[in-house]
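One structure is given below, encoded as structure tokens.
Each residue takes its place number in the sequence, starting with 1. Just so you know, ligand 1 is whichever comes first in the structure, and atom 1 is the first atom listed for that ligand.
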Amino acid sequence: MSEEVLKQEKKPIIFSAIQPSGTITLGNYIGALKNWVTLQDDYDCIFAVADLHAITVRQEPATFRRHILEAYALLLACGIDTEKSPFFIQSHVHTHAELAWVLNCYTQFGELSRMTQFKDKSQKHADNVNVGLFAYPSLMAADILLYQADLVPVGADQKQHLELARNVAERFNGIYGNTFKIPDGYIPPVGARIMSLQDPTKKMSKSDENVNAWVAVLDKPEDIMRKFKRAVTDSEAVVKYGENKAGVNNLMGIYSAVTGKTNDEIEKEFEGKGYGDFKATVAEAVIEELRPIRERYEKFIADKAYLEEQYTKGAEFALRMSSRTLDKAMKKVGFIKKPRF
Ligand code: TRP
């Protein structure tokens, strides 16, 4: 085979997952999902809904079940194409929990204790500091290492967990010889960090008490318009990227992410115009970007049979691929080959 053909066949593998948290915000969409969609052409992408991670905090069963399916449908609506990228629900593929257990035994108490997310979440859920919350990063490491992922797109809040996955993989490889690919973080070429519309020094988050601070991908157009119109800016009344203009910078970042326009182009477009015009135009652009997603979502969520067909196909692929890595790792540790039933 020529080198050209080989190159075409082997694209780098990307793995990523998102927790089924009930709401996906415009920040999640621009910061992560929109990138996932474009990565599908240049990489072999594998995506999952990380439902096992979600039970590290208490979930109400009926709501949890609904959120998992909604997250799956919404990601399909955003543009995950299951013809290109296997897309599954984490709990459907038992290799994840199994490898996580093995990796737990190669992860030190001390290193998990240093995880800032663990420290934050144990403060927030002081009544439920469970072992799963503590071991969350080794499950995440299993997710990634099972697919021999080259690259993992993660936000700043997950970088420490990816670093842990690399350390554990290197440690395991050091003991047993090459078993896991050491994954790198993937930093998207464009990808603004989307901030709160009410306090643009804080990240946009659905846990913000002020509902005007964040936009959900499935928000109605009139709600999106209202939230942008109320967005906090400054008293300068000039659409220009700059210091002490966090609110305007954020709106420019959002506008740029959905239209592809550069900051220079945006500044020109709004020369001599006030913030009222600017905010309404940004809102319109966001509404038009999200409209087809909401429409596709409504169609998918109403078609449970289609969703089941898709996540079943995803789980079949994921099980086959991840079993190779799991079997290899377990063999190296010294387990006896599993009988076939
Ligand atoms: N922990 C990630 C989050 O909350 C979700 C996740 C689970 C993940 N497994 C993963 C992300 C593997 C990247 C790779 O955002």
Of Asn212, Thr233, Leu26, Ile254, which is the lone residue that meets side chain to side chain contact (heavy atoms under 4.5 Å, CB included) with Leu197?
-> Ile254
Take Arg66 and Glu70 through the test salt bridge (charged side-chain N to carboxylate O under 4.0 Å, His left out) and record every step on the way to the result.
-> CA-CA 6 Å; Arg66 189 162 53 74; Glu70 286 173 355; 3.2 Å; yes
Got more than 12 heavy atoms from elsewhere within 6.0 Å of NZ, Lys229?
-> no
So side-chain hydrogen bond (donor to acceptor under 3.5 Å, both in side chains) across residues 276-286, not counting sequence neighbours, yields none
For Lys338, enumerate each residue passing the salt bridge (charged side-chain N to carboxylate O under 4.0 Å, His left out) test, keeping only those at least two apart in sequence or located in another chain.
-> Glu98
Taking only residues two or more places apart in sequence, or in another chain, which ones meet Tyr275 in a ring pair (Phe, Tyr, Trp, His ring centres under 6.0 Å)?
-> none
Show the short N or O contacts, below 3.5 Å, that ligand 1 makes with protein N or O atoms; if there are none, say 'none'.
{"from": "ligand 1", "atom 1": "1 (N)", "to": "Tyr136", "atom 2": "OH", "distance (Å)": "2.7"}
{"from": "ligand 1", "atom 1": "1 (N)", "to": "Gln158", "atom 2": "OE1", "distance (Å)": "3.1"}
{"from": "ligand 1", "atom 1": "4 (O)", "to": "Gln19", "atom 2": "NE2", "distance (Å)": "3.1"}
{"from": "ligand 1", "atom 1": "4 (O)", "to": "Tyr136", "atom 2": "OH", "distance (Å)": "3.0"}
{"from": "ligand 1", "atom 1": "9 (N)", "to": "Asp143", "atom 2": "OD2", "distance (Å)": "2.6"}

